[in-house]
Structure formats: structure tokens, C-alpha cells
S.K.: 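Below is one structure. I have some questions about it.
Atoms within each ligand, like the ligands themselves, are counted from 1 in listed order.
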Amino acid sequence: MRKLYFILAFTAFGFNAFGQKTIDQRVSELLSEMTLEEKVGQLIQYSGFDYATGPQNSSSATVLEEIKKGKVGSMLNVAGAQETKKFQELALKSRLKIPLLFGQDVIHGYRTTFPVNLGQAASWDLKLIEKSERIAATEASAYGIHWTFAPMVDITRDPRWGRVMEGSGEDTYLGSQIGMARIKGFQGKGLGNLDAIMACAKHFAAYGAAIGGRDYNSVDMSLRQLHETYLPPFKAAAEAGVATFMNSFNDINGIPATANQYIVRNLLKNQWKYKGFVVSDWGSIGEMIPHGYAKDYKEAAEKAINAGTDMDMESRAYMAELPKLVKEGKVDPKLIDDAARRILLKKFEMGLFDDPYRFSNEKRQKEQLNNQENRKFGREFGSKSIVLLKNEKNILPLSKSIKTVALIGPFGKETVANHGFWSIAFKDDNQRIVTQFDGIKNQLDKNSTLLYAKGANVDDQDQSMFAEAIETAKKADVVIMTLGEGHAMSGEAKSRSNIRFSGVQEDLLKEVAKTGKPIILMINAGRPLVFDWAADNIPAIVYTWWLGTEAGNSIADVLFGNVNPGGKLPMTFPRTEGQIPAYYNYYNTGRPAKSNKDRNYVSAYIDLDNDPKFPFGYGLSYTQFKYSEINLSSTNLKGNQTLNIIVDISNTGNYDGEEVVQLYIRDLFGKVIRPVKELKGFQKIFIKKGETKSVNFTLTPENLKFYDDELNYDWEEGDFDIMVGTDSQNVQTKRIYWSK
Ligand code: NOJ
């Protein structure tokens with residue numbers, strides 16, 4: 001007991017149980033020695049100069065001088081053991097020798113790139129996703145990186161928005177689960193470990209709802225929708241201990257997120273009690289001027305710091321204006337202290353005050369340069385992210401002894417493209433990528449032949465290569481077409497109004513199809529594309545996204561059946577752009593269509609079927625899974641009881657395989673309307689051919705809660721449909737009553 005008192009007394013005075021100062025105490029002491037300018041300095045972040053991920057403002061000479069004066073807290077886009085060491089040396093020349101934080105967009109892998117994030121989400125495999133971030137953190141930290149600007153947990157319902165590639169798709173539940181797995185992966189056993197980097201939940205908030213899918217655009221939505229659909233992944237991230245948050249570029253209902261008191265100060269920092277720090281997005285403090293929310297940098301800085309934005313990425317507003325604003329009494333100095341404290345805390349937690357160079361280690365960097373184990377994982381992860389959309393007459397998997405295969409399309413021998421957008425650390429890293437051609441060639445029997453024709457460029461009107469492609473197809477027993485959108489056509493500032501195959505690729509496909517050869521279409525993209533003609537006319541379609549360093553091997557593993565595809569779509573695939581936004585958890589309306597073709601005074605388009613081309617959660621396998629009738633522990637529940645849902649899944653086909661079993665509910669009537677379906681659980685299970693496995697889900701009233709029009713979060717008694725199935729359309733339903 002005495003020992004406990006001793007410990008409590010000690011920690012209350014800022015010491016830990018061993019008599020060492022706690023981090024809080026060390027931060028307080030440091031803050032007490034800092035001038036206002038030095039504190040503001042901690043809130044400043046500039047980009048390095050080798051490459052920029054936004055419109056750069058700062059000239060190298062001034063930035064270097066400012067680092068030496070202690071006027072910079074963090075750099076982004078400075079990477080590599082040597083380079084980070086050089087910058088850190090400058091910071092240590094400052095009066096208080098406060099080390100810099102190095103941040104970078106480590107989005108889907110680092111030295112080893114993995115599938116683009118939307119593709120990863122298609123794996124529905126939280127363990128693989130977490131592991132990929134563990135690897136990314138290990139590689140990035142070995143390159144001197146302390147902090148990644150990931151995960152992006154924006155919910156995305158509009159495939160025109162280029163950034164859908166960076167998120168987990170349209171569903172709030174799936175997106176929250178994946179966000180948490182990523183944070184766990186990045187932050188590993190905790191900050192302070194050499195292989196852990198700080199994660200960042202972005203973009204706070206609702207960036208995915210930018211009007212018309214146009215990047216940087218406004219967001220206008222009810223607070224209820226914001227809380228129900230867009231905020232839960234952020235709340236989950238805060239609860240999972242994410243080290244930082246990033247503002248979004250958009251305004252929300254007329255107030256830019258960067259200075260949004262309600263979102264940042266009230267919700268995140270006060271209600272959610274978030275203790276990490278908030279960084280602006282690139283230049284987003286200054287961008288409040290063109291938004292029409294601040295007349296100059298001074299007003300922008302005032303509004304942003306008051307709202308709770310702690311660090312200024314590349315605006316130059318804070319450095320120039322905050323000291324003045326404090327002196328004029330317009331900004332409370334306590335806010336500057338609070339922002340600096342949050343940032344310094346992270347620097348202490350990362351161990352940078354004990355050794356500022358601990359992440360800048362050339363030996364570690366070398367070990368991660370071309371790590372074979374990581375590549376092996378990348379190959380597996382790639383194959384598990386692929387979604388099989390169509391497979392008529394079981395044309396797939398291909399036999400390795402097919403005599404002649406033709407690979408046709410602009411992506412067949414592409415190298416860097418396989419990385420997808422946000423692979424900035426490897427711009428010219430061609431030689432490490434396994435091309436699709438090489439991947440397929442390596443697995444074909446020695447006596448078989450792989451022919452190749454490019455057929456078309458990614459994005460122009462040139463048809464001069466068609467003839468060669470047609471001739472090549474004619475010589476083959478089977479044709480693999482590799483089409484899609486350019487790797488840099490999805491990502492930041494890559495919104496598209498037309499989301500079809502770019503250039504003349506669809507024309508090429510139609511011409512090759514005229515040869516009558518069996519065609520397998522492989523679609524390379526960072527978003528759901530519209531490919532109605534192909535979906536109706538081509539017998540086999542695999543969606544390969546952009547798979548990263550091992551792309552060719554991952555693809556060949558699926559084409560030849562080493563891996564049985566088990567991916568499921570994390571976003572709805574619309575029939576045409578006119579159907580956007582298309583998402584599975586819509587409201588029924590007062591006039592729902594009774595069928596796909598029902599257009600008689602109902603909520604439908606007169607010129608389009610109602611349902612999407614491929615629904616959320618959809619994906620085929622080389623085998624077949626048969627679901628038993630679902631078994632409920634009760635159909636009449638009361639209060640805090642638990643509902644058990646059991647379903648048996650049998651693998652009745654010819655291959656072992658993985659299935660993602662999905663649980664949805666519908667709350668039939670409420671004081672506010674509930675969606676026709678809401679995902680409440682999923683399980684990815686492996687079943688050997690001929691075997692059966694039981695899958696068990698549980699639901700409690702906690703899973704039934706929703707936000708009403710006054711933002712109360714609770715559940716109501718009444719009827720609920722419980723649905724289990726292989727995708728969001730293909731479910732079996734049982735009704736229950738749950739009373740309070
Ligand atoms: C702008 C992007 O919106 C953000 O996601 C990214 O982290 C920063 N630029 C830094 O590159």
C-alpha cells in the first residue's frame with residue numbers, strides 16, 4: 001500500500017515509478033523555456049524540395065535557415081537515412097535543439113508497394129491489411145520516416161472522385177474496421193519502437209462527399225448524415241489511438257474543415273477527448289482565402305488555430321501571423337501552448353529527444369531496400385485483392401499448358417504503372433516490378449507460347465496498333481486483355497467525369513472480340529470503372545486494381561489457379577456515370593421500384609435499370625459456396641439480450657477457397673428513416689472443397705443504434721430484418737422483433 005502511495009505521489013508530481021520524469025513533465029519544462037516564436041515554430045511544417053505533393057510555396061534557402069532558428073517543427077517529403085539526418089542536424093543547431101518530425105504519404109506500402117488501398121479493401125482481410133501496414137512502417141521507419149499521412153478513412157460513394165483509390169470504399173462499418181487495422185499496423189507495439197510510425201486519420205471530415213466527385217469541392221450534408229455515415233471511421237480511429245488527424249480541404253455546410261470549430265474543437269478535441277495533434281492539409285489554412293472564409297492569412301491563421309488545427313502544412317500562415325495575433329490579444333496564448341504541447345508530446349513519445357537520429361540508420365535502410373520476405377507478402381496480398389467479376393463456363397483458371405496465350409493491351413509490359421498513385425518513394429524504380437507479361441510467362445509451361453501486342457496507348461485516339469493486336473489474337477488459343485485507366489488517372493486531383501476505359505481501349509476490345517477467341521479481361525484501375533459493354537459481352541473479367549511491386553506474379557497466381565480469388569467489391573459498380581452516387585445502403589423512398597425494369601411513377605431512371613452493374617460485397621470464386629438456412633437464437637428479443645445468428649457454408653465446387661460471409665440488418669421503421677441494408681459484420685473463412693463450416697454472428701442493441709434528427713444516438717424497439725449472404729444483393733432474410 002505504502003508503495004502505491006509513493007508511486008501515486010511521484011507520478012502526480014510528474015515522475016514515473018522509477019523516479020524519472022514523465023513525458024508530460026518534460027514537455028512542460030521545455031515549454032516553460034520556449035519563446036512564443038519557438039512555440040509557433042513547432043506548429044510549422046514545410047515540404048522538402050526533391051518532390052512536392054502539392055503546390056509548393058517555400059524556397060529551400062529560407063526553410064533551411066528557419067530550421068536552424070527553431071522555426072520549423074516538421075518536414076514532409078524528406079526521406080532517406082542520410083537526408084533526414086542532414087535536416088535533423090540543422091534542427092539541432094537551434095537554441096533548444098528540438099528535433100524535427102519527418103512525415104510522408106506512406107499510403108500503400110513503401111519500398112515494397114502493395115495494392116492501392118481500395119484494392120486492399122477488396123480483400124476484406126483485416127489481418128493482411130494490418131500486416132501490410134506493419135511492413136510499410138518497418139520499411140518507412142528505416143528510411144527515417146516518423147509519420148505517415150494515412151489511413152485515409154473517408155467514406156467514398158462517388159467513383160468519379162480520384163481519391164477513392166486511397167480509401168476503403170463506401171461502407172462505414174467496413175471502413176472503420178479497415179481504418180483501425182491500418183492504425184494498428186502502422187503504430188505496431190506503440191510509438192517509441194523503432195519500427196512504429198505515427199498514423200494520421202484523414203481527411204477530417206467528409207472529404208469523400210465532395211459534390212460531383214470533383215476534388216477539393218464543397219460538401220453539403222445534414223449533421224445526421226455526417227454523424228451516421230462519415231464520422232464513425234474517424235471516431236474509431238481516435239479510439240484506436242491514432243497519433244494524428246488531418247483536416248480536409250472541403251468546407252462542410254459553408255465552413256472550411258480547417259477552421260471548423262464544431263468538427264475539430266468541439267467534437268474531436270472536447271467530446272472525443274482526442275489527445276493527439278491535428279495537421280492542416282497542404283496549404284488548407286491559406287486556402288480559406290479563396291474559399292471566401294478569411295480575407296487574408298492573418299484571419300485564416302486566427303480561425304484555424306481557434307478551431308483546433310495545430311500544425312500548418314505548407315501555408316506559411318501560422319509562422320507569419322500567430323505571434324502577431326497573440327500580441328494583439330486575438331489568439332489566446334494557451335491555444336499556442338496546447339498545440340505545441342500536443343506536437344512535442346509526440347516527439348517525446350517517438351523517442352526523438354533521447355536520440356534525434358534513431359530513425360536515420362543506413363544499415364536498417366539497406367536491409368529494407370529490396371526485402372524478399374516483404375515482396376513475398378506483397379504477392380500474396382495482391383492475389384487476395386483481386387475480384388473475379390465474371391467467369392462464364394469456368395474459363396478460368398487457365399491451364400498452364402495452353403499452347404498459345406496472347407496478352408493484349410497497354411498495361412501488359414508496364415512497369416511503374418503497377419504501383420498506382422501515391423507511390424512517391426519509387427518514381428523510377430522500374431526494375432523491381434514484376435510486369436504482367438513476366439508474371440504470366442513465368443508460370444506458363446515451357447512448351448507454351450506467350451504472345452504480346454500493346455494494341456493501344458492508355459489515353460489517346462491512336463488506332464494504328466489495332467491490326468497487330470488482332471493478328472496476335474488470331475494466333476492464340478486464349479486472349480488475355482489488360483485494359484483500364486492510367487495509374488495516374490486516379491488519386492489526388494484525378495477526378496474524372498468519364499470513368500470508362502480511357503482512350504480507344506474499348507474499341508480495341510471490340511475489335512479483338514470479333515476474332516471469336518475466348519477473352520479474359522483484366523481491368524487495371526484505382527476506382528470502379530463503367531464497362532457495360534465488356535460486362536455483357538466478355539466471358540471472364542478479373543478486377544486487378546493496381547497491385548504494386550509483385551503485380552505480375554499476383555495476377556498470374558489467380559489466372560492459373562494457384563490462388564482461388566476471394567475478393568469482394570468494397571464499392572458499388574454503377575452501370576453508367578448517370579447512376580452515381582450508387583451505394584447499397586440507400587433509403588427506400590416512398591416510391592421504390594418493384595423490379596429492375598419498373599419505371600411506372602417510381603423512383604427510377606426512365607432509361608436505365610435500377611440496380612448497379614455489380615453490387616457492393618460482390619465477387620466470385622472458382623468454387624461454389626452453398627449457404628444453409630440461417631438459424632437465429634430467437635425471433636423475439638428483449639432489452640440487452642444477444643441475438644446469435646448461425647449459418648453453415650459448404651464448399652460444393654472443385655477448389656478450396658475463401659468466402660466473405662456478410663451480415664446486414666434493416667430497421668424497418670424508425671423516427672428517422674433507416675437504410676434498406678446496413679452491414680453489421682463479416683467473416684472471411686477458408687473452406688476446403690467438400691467441407692462445411694459454421695459461421696456465427698452476434699448482435700446486441702449496440703448494433704441497432706442510430707442518430708436521430710437531434711443527434712441522439714440510441715436504438716428503438718421494433719421489427720428488424722436480419723440478412724446473411726454472399727454480397728449485398730444476394731442474401732436470405734429473417735425477421736425479428738426486438739423490444740426495449
Ligand atoms: C494533400 C493530400 O490531400 C493529403 O492527403 C496529403 O497527405 C498531403 N497533400 C501531403 O502530401
S.K.: How about Arg432 and Asn370: does a side-chain donor come under 3.5 Å of a side-chain acceptor?
M.R.: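 A donor-acceptor contact under 3.5 Å links the two side chains.
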S.K.: Identify the residue among Arg496, Arg160, Arg500 that makes a salt bridge (charged side-chain N to carboxylate O under 4.0 Å, His left out) with Glu577.
M.R.: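 Only match with Glu577 under salt bridge (charged side-chain N to carboxylate O under 4.0 Å, His left out): Arg500.
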S.K.: State if Tyr207 counts as touching ligand 1 under the rule of any non-hydrogen atom under 4.0 Å.
M.R.: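 In this structure, Tyr207 fails to qualify as a contact of ligand 1 - no heavy atom is under 4.0 Å.
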S.K.: Checking the side chain of Lys494 only, and the main-chain atoms of Glu492 only, is there a donor and an acceptor separated by less than 3.5 Å?
M.R.: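 Checked: pair present.
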S.K.: As an exercise, identify every atom of ligand 1 less than 4.0 angstrom from a heavy atom of Phe149.
M.R.: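 The list of qualifying atoms is 7 (O).
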S.K.: Please state which part of Leu76 comes within less than 4.0 Å of ligand 1, counting heavy atoms only: side chain, backbone, both or neither.
M.R.: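 The answer is the side chain of Leu76.
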S.K.: Using a 4.0 Å cut-off to any heavy atom of His203, which atoms of ligand 1 qualify?
M.R.: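 This gives 3 (O), 4 (C), 5 (O) as the contact atoms.
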S.K.: I'd like the name of whichever of Glu166, Met313, Arg163, Lys202 reaches closest to atom 2 (C) of ligand 1 through any heavy atom.
M.R.: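 Selected option, by shortest heavy-atom distance: Arg163.
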S.K.: Can you pull out the closest protein heavy atom to atom 8 (C) of ligand 1? Residue, atom name and distance to 0.1 Å, please.
M.R.: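 Going by distance alone, atom 8 (C) of ligand 1 is nearest to Asp281 OD1, 3.4 Å.
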S.K.: Give a yes-or-no answer on whether the side chains of Gln42 and Lys347 include a donor-acceptor pair shorter than 3.5 Å.
M.R.: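 On atom types as modelled, these side chains qualify, holding a pair under 3.5 Å.
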S.K.: If we ignore angles and hydrogens, is there a donor and acceptor under 3.5 Å between the side chains of Thr84 and Ser360?
M.R.: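 There is such a pair between these side chains.
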S.K.: Does Met152 approach ligand 1 within less than 4.0 angstrom via side chain, backbone, both or neither, non-hydrogen atoms only?
M.R.: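 It is neither part, as no heavy atom is under 4.0 Å.
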S.K.: Do we see a donor-acceptor contact under 3.5 Å between the side chains of Tyr216 and Glu287?
M.R.: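 Looking only at side-chain atoms, Glu287 and Tyr216 do not form any donor-acceptor pair under 3.5 Å.
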S.K.: Would you sort out whether Phe186 and Met198 count as a side chain to side chain contact (heavy atoms under 4.5 Å, CB included), showing the intermediate values?
M.R.: CA-CA 7 Å; Phe186 284 130; Met198 305 196 303; over 6 Å; no
S.K.: Could you tell me the residue and atom name of the protein heavy atom closest to atom 6 (C) of ligand 1, and the distance to it rounded to 0.1 Å?
M.R.: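 Ranked first by proximity to atom 6 (C) of ligand 1 is Asp105 OD1, 3.3 Å.
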S.K.: Can you list the ligand 1 atoms lying under 4.0 Å from a non-hydrogen atom of Thr53?
M.R.: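 Those atoms are 9 (N), 10 (C), 11 (O).
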